[in-house]
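Input: a single structure, listed below in structure tokens.
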Amino acid sequence: MHDILQVQQQKIEEIRKSLDIVDVIGDYVQLSKQGKEFVGLCPFHSEKSPSFSVNPEKQLYHCFGCGAGGNIFTFLMEIEGMSFAEAADRLADRAKIDLGHFSSTASGRSAPSDQNKKHLAAFELLTKFYHYLLTTAKYGSVGMAYLEKRAFSQEIIERFQIGYAVNSWNAASSLLQRRHVDLSQMAKLGLVASRGFDQKYFDKYRNRIIFPIFNLRGKAIAFAGRTLGDEKPKYLNTPESPIFHKGDILYGYHLARPEIRKRNQVVLLEGYVDVIRAHQFGITWSVASMGTSLTEKQASILKRSAETIVVCYDSDSAGIEAAFRAAGMLSGGSNLIRIARMPEGLDPDDYMIKFGGEQFKSDVIGASQTLMSFKMDYFRRKRNLSDEGDRLLYIEDVLREVSMLKQAVARDHYLRLLADEFSISLDALKVQAKQLQKQLQRKSERKQQREAVQIAQKKQLPPAFEMAERMLLAQMMRSREVTARVQEAIGGNFSVDVHQALAAFLYAFYEEGHEPDEGLFIQGLEDISLQRIAAQISLMPVSPQIDEQEIGDCVSQVLKHSEVLMIEEKERERKQAEESGRFELSAMLLSEIIEMKKALGK
């Protein structure tokens, strides 16, 4: 058993050393180099200025805002809601390391959901099956003819693994049965259904083009089936399941991510056909929000992915309303939001087929509006500007938005546009905008004051003894000798429980023969909260050279506080003894307290 655990630990350590934490986290967070570290907006809480730090040397991350921290395994576990073994599996795939039969019990921790693994395997199997049927003339000629008519290229069919479900009641269900897949589970996923009269299973997808829906890491987790004719429903989508939550998915993201990072720009489209077409015409930094209203999770992914976000929805009323809502969710941070307007009556798919990709890039994406220009057009649509009352309401709408702009030049620009359009005094508009700006500023200041108090409370320097314990732990992670000295002088007498636990783990870590390795030590901590605090302590700014005087002072500070706590405990015991009439015990305890205080120099 010991040998098995040792092999597991070696595999986990091999994964940790094979991958760069900056690359792993960079798939989720837009990072920029700052000195020896990389910083970005924390993916675990909402913030406007970056407090999330990644240290490539130590292969650790920490957020100074919410306290999140750890290594690559911790990061995946927290951001994807995975177990340790699931994170190990994912990272092993990325590092091209075979975990073998240790995969499901990596490091002895909780195994990934077998059910979810089976669901993913079923979608992978059927994705390949439907794609095979489409690309084999004997079965897929009807489906291929439809796609060719829609001008889908062979290359794009391959890239998005588009498939075809033949017009059969049991093609997929028979395959699943042969592979010993539980069809009752497949029915819950919406892939098959059972007949009422004999409970036999049959295929849900028949004579449909199959568009696999992939999660952010490129695993098929759902299907959208498009009928070849006019049958209803036109699209048949698999329902949400434990592995598929459409509000968490950006279609095409797994393919678009490299180009998004390269360009620092992402184009948000409305549907997956738009994305497929955009990729076919070379706009490979495009994704879609699954045809649903943008969710907070999707907005968060977009904001972390790129500095510039271009929203390009359909030109109809529903598309404009959706773009306005999406822009509202995406704005407010440091991202540059632009809105690409489609010509009336065309969606991105139609436009690219008619005019090509280059014109779409130049005349739609390239000509995208600033967010303020889009809002002015949006408010204009809501008002009848020939009516005086509506005209004044429109001006108020625009002034309210202009007053929220941070740049004085931008505010002046839009006020001049407004003044010219309606022949209004620019000075009068500036006065009114300034009044609105002051109101907003007062609200903002009150909010900032509340936040400043909260931040100050969080950042309040801990007591000297707590700082001393942290400093000792930081040096103990770097030195076996310091650890031995602290163990002899302090042992387990750390006042903060979590520090006491970390010290105990460090003593054990070195007793097992390990050399100093902060990443390996933190990897061995199974408790996520301990990993967070250990990562935070590890990233404390301490001198690379061990200062013997500083270590001695910290040890003295910790021991002194330990004595103070003991005195306080004795005081409580003395008071209880006195209240219960045990005066002899009370006197004895008082004598001990006096001696302890003398020893402390009080």
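Owing to the predicted nature of the structure, the values given are computational and were not obtained by experimental measurement. Worth knowing before you read on, the calculation uses all heavy atoms, side chains too, and leaves out hydrogens, waters and symmetry mates.
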Pairwise distance OG(Ser479) to OH(Tyr510) - rounded to 0.5 angstrom: 6.5 Å
Rounded distance [0.5 Å steps], CG in Leu506 versus CG in Leu525: 8.0 Å
Indicate whether the side chain of Asp553 and that of Gln549 have a donor and an acceptor atom separated by less than 3.5 Å. yes
For a side-chain hydrogen bond (donor to acceptor under 3.5 Å, both in side chains) check, start with the C-alpha distance between Asn71 and Gln523, then their side-chain angles and the critical distance, and finish with the verdict. CA-CA 7 Å; Asn71 57 21; Gln523 180 55 49; 2.6 Å; yes
Heavy-atom distance under 4.5 Å between the side chains of Leu539 and Tyr61, does that happen here? no
Over 12 non-hydrogen atoms of neighbours within 6.0 angstrom of CD in Glu548: yes
Looking at Lys438, I want to see if its NZ is surrounded by more than 12 non-hydrogen atoms of other residues, nucleotides or ligands under 6.0 Å. no
Under the criterion side-chain hydrogen bond (donor to acceptor under 3.5 Å, both in side chains), I'd like the reasoning laid out for Asn264 against Gln30: C-alpha separation, chi angles, the key distance, then a yes or no. CA-CA 9 Å; Asn264 205 7; Gln30 187 187 349; 2.8 Å; yes
First locate atom CG of Leu269, then atom OH of Tyr251, and finally report the distance between them rounded to the nearest 0.5 Å. 12.0 Å
Within the structure provided, determine whether Glu78 and Arg532 are in side-chain contact (heavy-atom separation under 4.5 Å). yes
Any chance CD of Glu584 has more than 12 other-residue heavy atoms, nucleotides or ligands included, within less than 6.0 Å? no
Looking at Asp517 and Arg16, is any side-chain nitrogen of the basic one under 4.0 Å from a carboxylate oxygen of the acidic one? yes
Rounded to the nearest 0.5 Å, what's the gap from CZ on Arg304 to CG on Asp27? Could you check? 11.0 Å
Just verifying a value: how many Å separate His279 NE2 and Thr284 OG1, rounded to the nearest 0.5 Å? 6.0 Å
Examine Phe505 together with Phe521 and report whether their ring centres are nearer than 6.0 Å. no
Determine yes or no for a side-chain-to-main-chain donor-acceptor pair under 3.5 angstrom, with Thr308 supplying the side chain and Gln265 the backbone. no
Can we say Asp89 and Lys117 salt-bridge, meaning some charged N sits less than 4.0 Å from an Asp/Glu carboxylate O? yes
Working for salt bridge (Lys or Arg N to Asp or Glu O under 4.0 Å), residues Lys303 and Glu296: CA-CA 10 Å; Lys303 287 193 281 189; Glu296 289 289 351; 5.7 Å; no
Ion pair present between Arg478 and Glu518, side-chain N to carboxylate O less than 4.0 angstrom? yes
So which heavy atom on Thr127 is nearest to which on Gln161, and how close? CG2-CB, 4.0 Å
Any sub-3.5 Å donor-acceptor pair from Ser305's side-chain atoms to Ile301's backbone N or O? yes
Could you tell me whether Glu240 and Lys246 have a side-chain N and a carboxylate O separated by less than 4.0 Å? no
Lys/Arg-Asp/Glu bridge criterion (N-O < 4.0 Å) met for Arg263, Glu259: yes
Are His119 and Phe244 an aromatic pair, judged by ring center distance below 6.0 Å? no
Pair Phe44 + Phe75: ring centers closer than 6.0 Å: yes
Taking side chain as C-beta onward, heavy atoms only, is Val39 less than 4.5 Å from Phe52? no
What distance separates Asn215 CG from Ile249 CD1, expressed to the nearest 0.5 Å? 5.5 Å
Are Asp182 and Lys188 close enough for a salt bridge, meaning some N to O gap below 4.0 Å? no
Just do the side chain to side chain contact (heavy atoms under 4.5 Å, CB included) check on Leu41 and Val29 with the steps written out, would you? CA-CA 7 Å; Leu41 296 175; Val29 181; 5.5 Å; no
Can you confirm whether the side chains of Glu37 and Ser53 place a donor and an acceptor under 3.5 Å from each other? yes
Which residue, Leu502, Leu473, Asp527, Ile522, forms the side-chain contact (heavy atoms from CB on, under 4.5 Å) with Ile533? Leu502
Side chain to side chain contact (heavy atoms under 4.5 Å, CB included) assessment of Asp20 paired with Val24: CA-CA 7 Å; Asp20 184 351; Val24 173; over 6 Å; no
